[in-house]
Undergrad: 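Please read through the structure below; I'll follow up with questions.
Every chain is numbered from 1, with letters handed out A, B, ... down the list of sequences.
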Protein chains: 2
Amino acid sequence: MTDATPIRLLLADDHPVVRAGLRAVLETEPGLVVMAEAATAEEAVARAAEGDIDVVLMDLQFGRGMGGAAATARITARPGAPRVLIVTTYDSDADTLPAIEAGATGYLLKDAPPEDLAAAVRTAAAGRTTLAPSVADRLMNRLRTPGTALTRRETEVLALVAEGLSNQAIGDRLHVTEGTVKSHLARIYAKLDVDSRTAAVAAATGLGLIRR
Amino acid sequence: MTDATPIRLLLADDHPVVRAGLRAVLETEPGLVVMAEAATAEEAVARAAEGDIDVVLMDLQFGRGMGGAAATARITARPGAPRVLIVTTYDSDADTLPAIEAGATGYLLKDAPPEDLAAAVRTAAAGRTTLAPSVADRLMNRLRTPGTALTRRETEVLALVAEGLSNQAIGDRLHVTEGTVKSHLARIYAKLDVDSRTAAVAAATGLGLIRR
DNA sequence: CCGGAGATCACCCCCACGGGCGAACGCCGC
DNA sequence: GCGGCGTTCGCCCGTGGGGGTGATCTCCGG
C-alpha cells in the first residue's frame with residue numbers, strides 16, 4: 001500500500017467550505033496530495049488539462065456556468081485524461097446518468113465518511129469504479145425494470161409539463177399536435193402508474209427522472 | 001478585537017466533509033474555538049444544552065430525523081441559549097422563514113467565502129443578525145409585495161397539489177369539501193399569476209414557496 | 001364594536017385533460 | 001424482409017379542474 005508516487009488530486013467545487021473539508025480530509029491520508037482547487041467547472045477543465053492530475057474530485061452543481069457533467073465530459077475526452085470522481089450532495093437519475101455517460105469513474109455522496117472518500121479516490125486512481133450505495137441501488141433497479149424508463153421524447157414532454165405548460169403549449173414548443181402530446185402523456189402515466197399530470201411530475205421528481 | 005474569552009462553537013451538519021471544512025476554516029481564525037460537532041439535529045440539541053456553547057453553526061437539511069429548523073427552535077427555547085447561525089446550501093422561503101421563526105440569529109449559504117463566515121460568527125456571538133445577500137433580497141421583496149405571500153392553508157393545499165393529489169383527495173386529507181380546495185386554489189392562481197395546478201407548482205417551487 | 005383577512009361552502013358554466021381505440025411512419029436489429 | 005419500438009396523428013366521450021360570483025363564520029386588531 002506504500003506507493004512510490006502519490007496520487008495527485010484536483011478539487012472542483014464552488015463551495016469554499018467543501019473544498020476546505022475535502023482538503024482537510026484527504027491531506028491527512030498518506031499517498032494523497034491536493035495539487036489545486038477549482039471554484040468553477042471551466043476552471044477545473046483548464047486545470048485538468050495541464051496533465052499533472054491523477055484524480056479530479058468533481059461537484060455536479062455549480063452556481064453559474066458549466067455543470068459538473070459537462071466538465072467531466074470535456075476532461076475525459078482528452079487522451080491520458082485524469083479520472084473523474086463525482087462528489088455531490090444529491091443523487092437522482094437526472095444527475096447520475098449524465099455524469100456516468102460523461103465518463104465519470106465513480107459517484108459518491110457528500111455524506112460519505114472520510115474513509116470511504118479516501119478509499120474511493122484510491123480506487124478511482126486505479127481506474128476502477130466506486131458507487132455510493134444509493135446510486136448503485138437505483139442503477140440496479142433501473143436494469144431490473146427497464147419498462148419504467150421513459151424515452152427521450154417522453155422525458156422532454158414531462159419536463160415541459162413540470163414547467164406548467166398546457167398540452168397545446170407543449171405541442172407548439174415541440175412542433176407536434178396536441179394529440180401527440182396526449183399520446184405521450186398516456187404512455188407516461190402508464191409507466192409511472194399515475195393518472196394525472198401533477199401526479200406524474202411528483203412521481204418523476206421522486207424517482208429523479210426530471211430535474212427539480 | 002482581542003477578546004479575553006474565545007467564541008465557543010458547535011458544528012451541526014450531517015456531512016463529515018462539510019464539518020471538516022467548517023472546522024478548517026474557523027479554527028484558523030483567532031478567537032474562535034470549535035468545541036464539538038454533531039452529525040444529527042438531535043445530537044446538536046443535546047450538545048447545545050450543556051451550556052458551554054456560544055454559537056451553533058446549523059445546517060437545515062439532515063438526512064434522517066429532526067430538521068435544522070426544529071432543532072433551532074428547541075435550542076433557542078432554553079434560557080441562556082446559544083446563538084444559532086444557519087449555514088445551508090439552498091435558500092428558499094420554505095427554508096428561511098421557518099428557520100427565522102425558530103429564532104435563528106443569522107442565515108448564510110455554504111458558498112459564502114471563509115471571511116464572511118468568520119465575520120458572521122462574530123456578529124452572531126454579539127447577538128446581531130447576518131443574512132446572506134440573496135436571503136436579504138427575498139425578504140425585502142416579500143415585505144414589498146405582501147400580496148404574493150400565500151397563507152398557511154394555501155401553502156398546505158399547494159404542497160398536496162405538488163404531491164399529485166386531486167382536489168377531492170386534498171379535501172379528504174384536510175377534512176374540507178372539494179369546493180373549499182378549489183376556492184383556495186383560485187386565490188393561489190391569482191397570487192402566483194398562473195392558470196393551472198401544474199403551473200402553480202412550477203411557480204411556487206421556483207419562488208421557493210414549497211419544498212421540492 | 002366594527003372592519004378586514006382567512007377559511008369554509010355552494011352554485012353555475014365550460015373546456016382542457018384523461019381514457020380508450022386505432023393507425024400510420026421510420027428506424028433498427030435479427 | 002419482418003417485427004418491435006418510438007413517434008406521430010386522429011376520433012370520441014366523460015369528468016375533473018378552472019372561472020366567476022356570492023355567502024357565512026371566526027379570529028384578530030384598531
Undergrad: Figure out the CG/P separation between Leu150(B) and dA7(C), and round it to whole Å.
TA: 10 Å
Undergrad: Any donor-acceptor pair under 3.5 Å linking the side-chain atoms of Ser183(B) with those of Thr180(B)?
TA: no
Undergrad: CD of Gln168(A) versus P of dC17(C): gap in Å, rounded?
TA: 9 Å
Undergrad: Figure out the CG/C1' separation between Leu165(B) and dG16(D), and round it to whole Å.
TA: 14 Å
Undergrad: Does the side chain of Leu108(B) come within less than 4.5 Å of Ile86(B)'s, by heavy atoms?
TA: no
Undergrad: Describe the nucleic acid contact of Thr180(A) in one word from base, sugar-phosphate, nothing, applying a heavy-atom distance below 4.0 Å.
TA: base
Undergrad: Is any side-chain heavy atom of Thr123(B) closer than 4.5 Å to one of Thr129(B)?
TA: no
Undergrad: If I compare all heavy atoms of Ala44(A) with all of Met58(A), which pair ends up nearest, and what's the gap?
TA: CB-CE, 4.2 Å
Undergrad: Using whole Å, report how far CG of Asn167(B) lies from C1' of dC17(C).
TA: 13 Å
Undergrad: From CG of Asp193(A) over to P of dG18(C), roughly how many Å is that when rounded to an integer?
TA: 15 Å
Undergrad: If you check the Leu185(A) side chain, which of dG17(D), dG18(C), dG18(D) turns out closest?
TA: dG18(C)
Undergrad: Base, sugar-phosphate alone, or nothing: which one does Ser196(A) contact when heavy atoms must sit under 4.0 Å apart?
TA: sugar-phosphate
Undergrad: Among dT7(D), dC9(C), dG19(D), find the nucleotide with the atom closest to the side chain of Thr177(B).
TA: dC9(C)
Undergrad: Taking the side chain as every heavy atom from C-beta outward, state whether Val56(A) and Pro82(A) have any pair of such atoms under 4.5 Å apart.
TA: yes
Undergrad: How many whole angstroms separate atom CZ of Arg197(A) from atom P of dG17(D)?
TA: 12 Å
Undergrad: What are the atom names and distances for every N/O pair under 3.5 Å that joins the protein to nucleotides 25-30 of chain D?
TA:
none

Undergrad: Starting at CD of Glu156(B) and ending at P of dG6(C), how long is that distance when rounded to a whole Å?
TA: 15 Å
Undergrad: With a cut-off of 6.0 Å (strictly less than), are more than 12 heavy atoms of other residues, nucleotides or ligands near CZ of Arg47(B)?
TA: yes
Undergrad: Heavy atoms from C-beta onward define the side chain here; which of dT8(C), dC17(C), dG6(D) lies closest to that of Ser166(A)?
TA: dC17(C)
Undergrad: Do you know which two heavy atoms are closest between Asp13(B) and Lys110(B), and how far apart they sit?
TA: OD2-NZ, 3.1 Å
Undergrad: Mind checking Arg187(B) for me? I need base, sugar-phosphate or nothing, with any heavy atom below 4.0 Å counting as a touch.
TA: base
Undergrad: Over how many whole Å does the gap from Lys182(B) atom NZ to dG19(D) atom P extend?
TA: 10 Å
Undergrad: Want to settle it: does Tyr189(B) or Ser183(B) sit nearer the 5' end of DNA chain D, counting the closest nucleotide to each?
TA: Tyr189(B)
